[in-house]
Protein chains: 2
Amino acid sequence: MSDRRIPLHLQISQVLRQRIETGVYAVGEQLPSEHQLMEQFQVSRITIRRAIHNLVHQGLASAQHGRGVFVKNQCKWVYSLSSLLIFFEEDMKRQGVQSAICHLEFQEVSPPPRVQEILGSDLACFQSKILLLDGIPAILDKSYILLELGRQFANELKTAMTFPTLERNGIHISKIEASLECTRADQQLSEHLAVPLGEPLLVYCYTAYDQYQRSLVYGSAPSRADLLTYAVTINR
Amino acid sequence: MSDRRIPLHLQISQVLRQRIETGVYAVGEQLPSEHQLMEQFQVSRITIRRAIHNLVHQGLASAQHGRGVFVKNQCKWVYSLSSLLIFFEEDMKRQGVQSAICHLEFQEVSPPPRVQEILGSDLACFQSKILLLDGIPAILDKSYILLELGRQFANELKTAMTFPTLERNGIHISKIEASLECTRADQQLSEHLAVPLGEPLLVYCYTAYDQYQRSLVYGSAPSRADLLTYAVTINR
DNA sequence: AAGTGGTCTAGACCACGCC
DNA sequence: GCGTGGTCTAGACCACTTT
């Protein structure tokens, strides 16, 4: 706590950060309570709270009402974009992860204009499902699928991944146009993915085509950025 | 402000959020000052500050000491991973973005073990540079390049993108293994990219190979997640 | 009931940007 | 010098979890 120029709360969170990184507080372990830290650093509660907030904001810890503040695990699961959603289950097994699907919605709708344009139709099946990895809700997949395909495989789609389902039924996906960006959890997403409001999310946005360049599916899949990494190999 | 169960600061930030989304406060515009908002909502300063903090945390606004709080632009630049760092300048021109490089470091070093393994050598050239898009520091590129290549093209590498420099000199990159993940700005990154501590960053991590499957460059490029989207096309 | 974190207040002082 | 946001205090009450 040398430099007077650095705010107290920052100095304290830096000390706590160091303690986490050097293992003084191990992963999963509980930090001292606000009261204990107040005494330890001789500052007011609001300053300790601010310091802890900094840690949470940096993804190093998470607070649980009535229980305490805990050190977060920094490990991430890696998913290959090339195989993602196609060989998803295999990919996960390889990493020793248990995956499950929680079906939310399936209905015929009139998609937003941009999606209508992509799919070349003013009607489509909309589906949303949550992917649980080791029991943790990690990805929310919201997608629009061509009406006829949706109707044909409705039941199967509700309990399985979209792409493997299509493949199993002889519909081959030959190209995926995708983008990855970072957003932050709004009300709805924070509930579905069980994260605090504003938590960073990685959004995987995709359009899948068959061998005739016909677009089959358009989807957007926000995922927990603290749990996932996406990998891709680019060949010239 | 109906439900008593929702904290005041959340109710207020939701109102402000709506105002931003409906254009009451336009992009780039200044929000009312804390004092004005205190009167408007009849709450204490700390609650207004918390509400504004929520907006900032959700990436909707940014606070500037001594100036005020401003509505953030939500537009992002899209970069194709396939062409990224190879046709970077072209990609940017296409989007009407002015790009520039700010050289930070260039030196021969002994890279960390993991990088030594990737490059198959215990010595390499380390370079770090900042990419400015329309004058905004958006990407910090830190990379290790094979010793001989680094020495050979040292001067050129300091003022230009790595991959185009290699290509211009007849070194062909035929494969890139990449990953994308989200982290949060630490002290150093928050200074280089001019963002607050803890701000989400998209990290593009890559290894480039030539046609003989020899690894040439290993790099890690944190970028501002509020400014960039990465795109990729996957063919089977 | 005890202990934890979450919300909120009123008020003080400081640091930065602009006129 | 003024207005802005940034830091910090002491203290109150509430909500959740565990015992």
Side-chain angles (χ1 to χ4, degrees), chain A residues 1-16 25 28-57 60-72 187 190-191 194-199, chain B residues 1-16 25 28-58 60-72 185 187 190-191 194-199:
Chain A
M1 304 236 263
S2 48
D3 196 345
R4 282 281 174 92
R5 304 286 175 88
I6 298 177
L8 253 179
H9 65 86
L10 256 185
Q11 292 181 39
I12 292 170
S13 60
Q14 275 168 11
V15 170
L16 293 176
Y25 307 138
E29 214 179 89
Q30 188 171 1
L31 262 58
S33 72
E34 293 180 348
H35 189 71
Q36 289 173 306
L37 290 171
M38 279 168 68
E39 291 204 331
Q40 207 174 113
F41 290 98
Q42 287 295 307
V43 294
S44 75
R45 184 168 171 227
I46 217 169
T47 304
I48 284 296
R49 281 183 60 71
R50 182 75 196 270
I52 290 174
H53 173 87
N54 291 340
L55 296 180
V56 173
H57 186 53
L60 292 164
S62 67
Q64 291 174 45
H65 198 160
R67 301 223 314 134
V69 179
F70 299 84
V71 180
K72 269 181 83 171
Q187 197 72 40
S190 77
E191 282 166 19
V195 292
L197 203 69
E199 187 85 350
Chain B
M1 303 233 262
S2 47
D3 195 345
R4 281 281 173 92
R5 302 287 174 88
I6 299 176
L8 254 180
H9 65 86
L10 257 185
Q11 293 182 38
I12 292 170
S13 60
Q14 275 169 10
V15 171
L16 293 176
Y25 307 137
E29 216 180 87
Q30 188 171 0
L31 261 59
S33 72
E34 292 180 350
H35 189 71
Q36 288 173 306
L37 290 171
M38 279 167 67
E39 291 204 334
Q40 208 173 115
F41 291 98
Q42 287 296 306
V43 295
S44 74
R45 184 169 171 226
I46 217 169
T47 304
I48 285 296
R49 281 182 61 71
R50 182 74 195 272
I52 290 174
H53 172 88
N54 291 340
L55 296 181
V56 172
H57 185 55
Q58 286 171 69
L60 291 165
S62 67
Q64 290 174 46
H65 199 160
R67 300 221 315 130
V69 178
F70 299 84
V71 179
K72 270 181 81 170
Q187 197 73 40
S190 77
E191 284 166 17
V195 293
L197 203 70
E199 186 85 351

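This is a predicted model, so every value here is computed, not measured. So that the names make sense, note that chain A is the first sequence line, chain B the second, and so on, each numbered from 1.
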Rounded interatomic separation in angstrom, taking [atom1] from [X] and [atom2] from [N]:
X	N	atom1	atom2	value
B:Phe41	C:dT9	CZ	P	13 Å
B:His53	D:dG6	NE2	P	11 Å
A:Phe70	D:dT18	CZ	P	9 Å
A:Gln36	C:dT4	CD	P	6 Å
A:Ile48	C:dT4	CD1	P	14 Å
B:Gln30	D:dT4	CD	C1'	8 Å
B:Glu39	D:dT4	CD	C1'	15 Å
A:Arg50	D:dC8	CZ	P	8 Å

At under 4.0 Å, does any side-chain N or O of [X] touch on OP1 or OP2 of [N]?
X	N	answer
A:Ser33	C:dT4	yes
B:Thr47	C:dT7	no
B:His35	D:dG3	no

Minimum heavy-atom separation for [X] to [Y], with atom names?
X	Y	value
A:Val69	A:Ala61	CG1-CB, 3.9 Å
B:His9	B:Asn54	ND1-ND2, 3.1 Å
A:Phe70	A:Gly28	CD2-O, 3.5 Å
A:Ile12	A:Ala51	CG2-CB, 3.6 Å
A:His57	B:Glu199	NE2-N, 4.2 Å

With sugar-phosphate meaning primed atoms plus P, OP1 and OP2, does A:Arg49 contact a base, only sugar-phosphate, or nothing at under 4.0 Å between heavy atoms?
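Base, at least one base heavy atom under 4.0 Å.
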Measuring only between side-chain heavy atoms, which start at C-beta, is A:Glu39 closer than 4.5 Å to A:His35?
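A side-chain contact under 4.5 Å exists here.
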Go nucleotide by nucleotide along DNA chain D from the 5' end; which of A:His9 and B:Gln64 gets its closest nucleotide reached first?
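Nearest nucleotide further toward 5': that of B:Gln64.
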By side chain to side chain contact (heavy atoms under 4.5 Å, CB included) - contacts of A:Glu191 (at least two apart):
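Here the qualifying residues are A:Gln187.
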Contact pattern, 5' to 3', of nucleotides 11-19 of chain C - B, S or - by protein heavy atom under 4.0 Å
-B--BBSS-
Of the candidate nucleotides D:dT7, C:dT7, D:dG6, which contains the atom at the shortest distance from the side chain of A:Pro7?
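Among D:dT7, C:dT7, D:dG6, the one nearest the side chain of A:Pro7 is D:dT7.
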Proximity to the side chain of A:Leu8 - top-ranked nucleotide from C:dG6, C:dA10, D:dC8:
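Looking only at heavy atoms from C-beta outward on A:Leu8, the closest nucleotide is D:dC8.
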